[in-house]
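The structure follows.
FYI, side chains are in, hydrogens and waters are out, and symmetry mates aren't considered; it's all heavy atoms of this structure. These numbers were taken from a predicted model, which means no experiment stands behind them.
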Amino acid sequence: MPFPQASEALSRFTVLDLTRVRSGPTCVRQLADWGANVVKVDALTEDAGGEQPGGPRRGSDFQNLHRNKRAMTLNLKDERGLAVFKRLAAKADVVVENFRPDVKKKLGIDYESLAAINPRIVYGSISGFGQDGPYHKRPGFDQIAQGMGGLMSITGAPGEGPMRVGIPVADLTAGLFCAMGILTALLEREVSGKGQWVQTSLLQAQIFMLDFQAARWLMEKEVAKQAGNNHPTSIPTGVFKTSDGYINIATTGGRIWERCAQAIGAPELFGHPAYATAPARSKNRDALNAEIEKRTVTKSTETWVRELNEAGVPCGPIYAIDQMFQDPQVRHLAMAEAVPNEKNRPVHVVAQPVTLSRTPSKMVALPPEFGEHTDEVLKEFGFTSSEIATLKEARVV
C-alpha cells in the first residue's frame, strides 16, 4: 500500500469510512491512527470547495478528525456507484457509518446486504438512539443525548437548571465505543472467520458514561443531583479560590483529608466533630468548603499546587486551553502533534492518548482533500483505467 501507515498495529485492515460530523469520524480516527488503510468515501453531493457538516474541510475540527486517511468520491445514489461500493466492500475488512438507521437500507449498503457479499465484513453503526425501537428514526444530536441520558441533570450548580457538558461527550464516547466494538469483532473473527454488526448509539454511550451515578439508582434507588464543582461523594473535593485564581483539591478518604487539613494549616478541622467522618463532611459540606477557602485565598495557585502535592494531597491548577498546552507535563506527553506534509501547511492536531511500545501511532498524512485519492484507491481495488474513466464520465466518481 503506497499510503503511509500511521502504525503497524492495524495495517492489515482496510476500512471504508462513510461517516460524517463527529461520532463516526471519532470512531474511524482510532482505526486510522493505528495504521488501518482508511478510505473516506465522499458523497459527490458534498461541497467540494470545502464546506462539510461540522465545518470547512481545512478547518481545525475537520483536520483533527480526519488525519491519516485517504478519500475518494462516490455517488451511492446511482446504481453504478452502489456496484462500485459493493466491489470495494467485498475486499474490505470494516465499514463504518453513522447514518440514520433507515438511510443505509434505502441505499442498499446495510449490514445484511454487504455480509451477503463479504461474510467477513465487520460493520460498525452509530445512531442517535439505536437501530430499532420507538425512537430509532429520530435524528441524533449530542446535546439531545446528554439531556435524555441524564447527564445534564447532574451537571452544573444546584438550583441553576440543567447544564450541558462543555464537550460533545456523547458523540465522542459513542465513537470510541464503536471503535472498541469493531476491534473486538476483528479479534473474534480470527477465531470464527465471520464478521458481525457492531452497533452503538449516542444515548447508550451517554448512559454508560453516567457510571456510578447510574449504578446508585439501579442498586440503591438514589437519584443523583447537581453538585456543581463539588464531587458528589468524596468530600471535600472541589474548586477553591486562591490569591490569584482557583485550584482543584481532591480528598478521597480520611487519611488524605487529614493531610489536607495539615497542609493548609488547619489541623483543627480534621478533629472537628462536624468534619471528622465522611457522612459528617457530606452533611456540612458548604461550611467545610468555606473553612478551607479561608486558608486557600492566602496564597497563590502555584504555591498551593507545590505545597499540597508535597503533602500528598491531590490538587491541580485550572487551566484555559492555551495554558494547558503550555504545561510541562502536557508538553512531555506530546499531546499536540504536527502533521508532516510537503505543502508546508501548518497542521497541528491532538495526539492519541494511548502509547504502544512497539507499534506507536504517529501523524503521517494530512486530512485528504475532496476525493483526492479516487483513482489511486480504485486501482488498488482492481478497477482498470478504462473502468475509472467510464465512471468519471458518468459522474459516478
Side-chain angles (χ1 to χ4, degrees), residues 13-31 36 38-41 43 53-54 65 74 76-77 81-82 85-86 88-90 92-151 168-189 192 194-211 214:
F13 299 116
T14 296
V15 179
L16 302 180
D17 176 11
L18 296 172
T19 68
R20 45 195 281 147
V21 190
R22 185 169 312 282
S23 63
T26 297
C27 167
V28 179
R29 176 173 59 189
Q30 292 303 105
L31 308 177
V38 174
V39 177
K40 183 181 188 303
V41 180
L65 281 169
L74 186 61
L76 288 170
K77 295 181 180 180
L82 176 61
F85 185 78
K86 289 185 174 180
L88 301 179
D93 297 284
V94 178
V95 171
V96 188
E97 58 85 20
N98 60 333
F99 298 125
R100 280 197 290 185
D102 55 328
V103 172
K104 54 184 166 288
K105 291 185 179 180
K106 290 179 181 178
L107 291 173
I109 55 171
D110 53 291
Y111 170 67
E112 290 81 4
S113 299
L114 298 187
I117 301 166
N118 179 1
R120 290 175 55 81
I121 200 77
V122 172
Y123 191 105
S125 293
I126 306 173
S127 60
F129 303 97
Q131 297 298 314
D132 46 35
Y135 301 158
H136 79 281
K137 291 186 178 180
R138 291 185 182 182
F141 191 78
D142 176 84
Q143 187 158 334
I144 308 303
Q146 286 195 32
M148 292 181 66
L151 182 62
V169 62
D171 275 337
L172 295 172
T173 53
L176 293 173
F177 291 146
C178 188
M180 187 184 302
I182 288 168
L183 295 174
T184 302
L186 288 171
L187 284 172
E188 192 280 336
R189 191 180 72 173
S192 68
K194 299 178 181 179
Q196 55 186 306
W197 189 6
V198 176
Q199 305 173 34
T200 191
S201 68
L202 306 191
L203 183 59
Q204 287 169 286
Q206 184 56 80
I207 292 170
F208 185 87
M209 291 300 291
L210 287 183
D211 202 49

- Message: Would you say that Asp93 contacts Val122 through its side chain, given a criterion of any heavy-atom pair below 4.5 Å between the two side chains?
- Response: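 A side-chain contact is absent here, since even the closest heavy-atom pair is not under 4.5 Å.
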
- Heavy-atom check, side chain of Gln206 versus side chain of Thr173, under 4.5 Å: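 Of all side-chain heavy-atom pairs linking Thr173 with Gln206, none is under 4.5 Å.
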
- For Lys106, what residues pass the salt bridge (charged side-chain N to carboxylate O under 4.0 Å, His left out) criterion, not counting sequence neighbours?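 Listed in chain order: Asp102.
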
- Query: Looking at CG of Leu107 and CG of Leu76, how far apart are the two atoms once the value is rounded to the nearest 0.5 Å?
  - Reply: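 These two atoms lie 6.0 Å from each other.
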
- Query: Going from CD1 on Ile126 to CZ on Arg22, what distance comes out if it is rounded to the nearest 0.5 angstrom?
  - Reply: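 With rounding to 0.5 Å, CD1 (Ile126) is 12.5 Å from CZ (Arg22).
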
- Kindly state each residue pair satisfying salt bridge (charged side-chain N to carboxylate O under 4.0 Å, His left out) with at least one member in residues 129-149, sequence neighbours excluded.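 Sorted pair list comes back empty.
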
- Query: In chain order, what residues pass the salt bridge (charged side-chain N to carboxylate O under 4.0 Å, His left out) check against Asp171, with sequence neighbours excluded?
  - Reply: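 Scan of Asp171 (salt bridge (charged side-chain N to carboxylate O under 4.0 Å, His left out), adjacent residues dropped) gives none.
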
- Item | With sequence neighbours excluded, residues passing side chain to side chain contact (heavy atoms under 4.5 Å, CB included) with Gln204 |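 For Gln204, the residues satisfying side chain to side chain contact (heavy atoms under 4.5 Å, CB included) (neighbours in sequence not counted) are Thr200, Ser201.
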
- Message: List the residues meeting salt bridge (charged side-chain N to carboxylate O under 4.0 Å, His left out) with Asp17, not counting sequence neighbours, and say none if there are none.
- Response: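 Counting only residues at least two positions away or on another chain, Asp17 forms a salt bridge (charged side-chain N to carboxylate O under 4.0 Å, His left out) with Lys69.
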
- Task: Side-chain contact test, heavy atoms from C-beta onward, threshold under 4.5 Å: evaluate it for Val103 versus Arg100 and give yes or no.
- Result: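 Yes, at least one pair of side-chain atoms sits under 4.5 Å.
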
- Considering all heavy atoms of both residues, which atom of Asp110 and which atom of Ser113 are nearest to each other, and what is their separation?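 Distance-wise, the nearest heavy atoms are OD1-OG, 2.8 Å.
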
- What distance do Tyr123 atom OH and Leu18 atom CG have between them, rounded to the nearest 0.5 Å?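 Here the rounded value is 7.0 Å.
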
- Query: Where do Val96 and Cys27 come nearest, in terms of heavy atoms and distance?
  - Reply: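 Residues Val96 and Cys27, closest heavy atoms: CG1-SG, 3.9 Å.
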
- Query: Roughly how far apart are Ser125 OG and Ile182 CD1, rounded to 0.5 Å?
  - Reply: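 The distance works out to 9.0 Å.
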
- Message: Please find the pair of heavy atoms, one from Ala92 and one from Ile121, that lie closest to each other, and give the distance.
- Response: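 Between these two residues, the closest heavy atoms are O-CD1, 3.5 Å.
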
- Val95 side chain reached by Phe85 side chain, heavy atoms, under 4.5 Å: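 A side-chain contact under 4.5 Å exists here.
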
- Query: Out of curiosity, Asn98 CG to Arg20 CZ, how far, rounded to the nearest 0.5 Å?
  - Reply: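 Output value for this atom pair is 8.0 Å.
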
- Does some side-chain heavy atom of Tyr111 sit less than 4.5 Å from a side-chain heavy atom of Gln199?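 No, too far: nothing below the 4.5 Å cut-off.
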
- Task: Would you please name every residue forming a side chain to side chain contact (heavy atoms under 4.5 Å, CB included) with Phe141, sequence neighbours left out?
- Result: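 Per chain and number, Phe141 pairs via side chain to side chain contact (heavy atoms under 4.5 Å, CB included) with Gln143, Ile144.
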
- Message: Testing the basics here: between Val198 and Ala185, what is the closest heavy-atom pair and its distance to 0.1 Å?
- Response: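 Nearest pair, atom of Val198 first, then Ala185: CG2-CB, 3.9 Å.
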
- Quick one: NE2 on His136 to CG on Leu203, what's the gap to the nearest 0.5 Å?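 So the NE2 of His136 and the CG of Leu203 are separated by 14.5 Å.
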
- Item | Check: Leu82 and Ile109 side chains under 4.5 Å, non-hydrogen atoms |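 Yes, side chains in contact.
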
- Message: Could you go through Arg120 and Arg189, starting from their C-alpha distance and side-chain angles, then the distance that decides it, and tell me whether this counts as side chain to side chain contact (heavy atoms under 4.5 Å, CB included)?
- Response: CA-CA 7 Å; Arg120 290 175 55 81; Arg189 191 180 72 173; 3.3 Å; yes

- Query: What pair of heavy atoms forms the shortest contact from Ala205 to Phe177, and how long is it?
  - Reply: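 Looking at all heavy atoms of both residues, the shortest contact is CB-CD1, 3.7 Å.
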
- Task: Could you tell me whether the side chain of Met209 reaches within less than 4.5 Å of the side chain of Leu151, counting heavy atoms only?
- Result: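 No, side chains not in contact.
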
- Query: Does a side-chain heavy-atom distance below 4.5 Å link Glu188 with Gln196?
  - Reply: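 The answer is yes; the side chains approach within 4.5 Å.
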
- Task: Please name the pair of heavy atoms, one in Ala90 and one in Asn118, separated by the smallest distance, quoted to 0.1 Å.
- Result: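 Scanning both residues completely, I find the closest heavy atoms to be O-ND2, 3.4 Å.
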
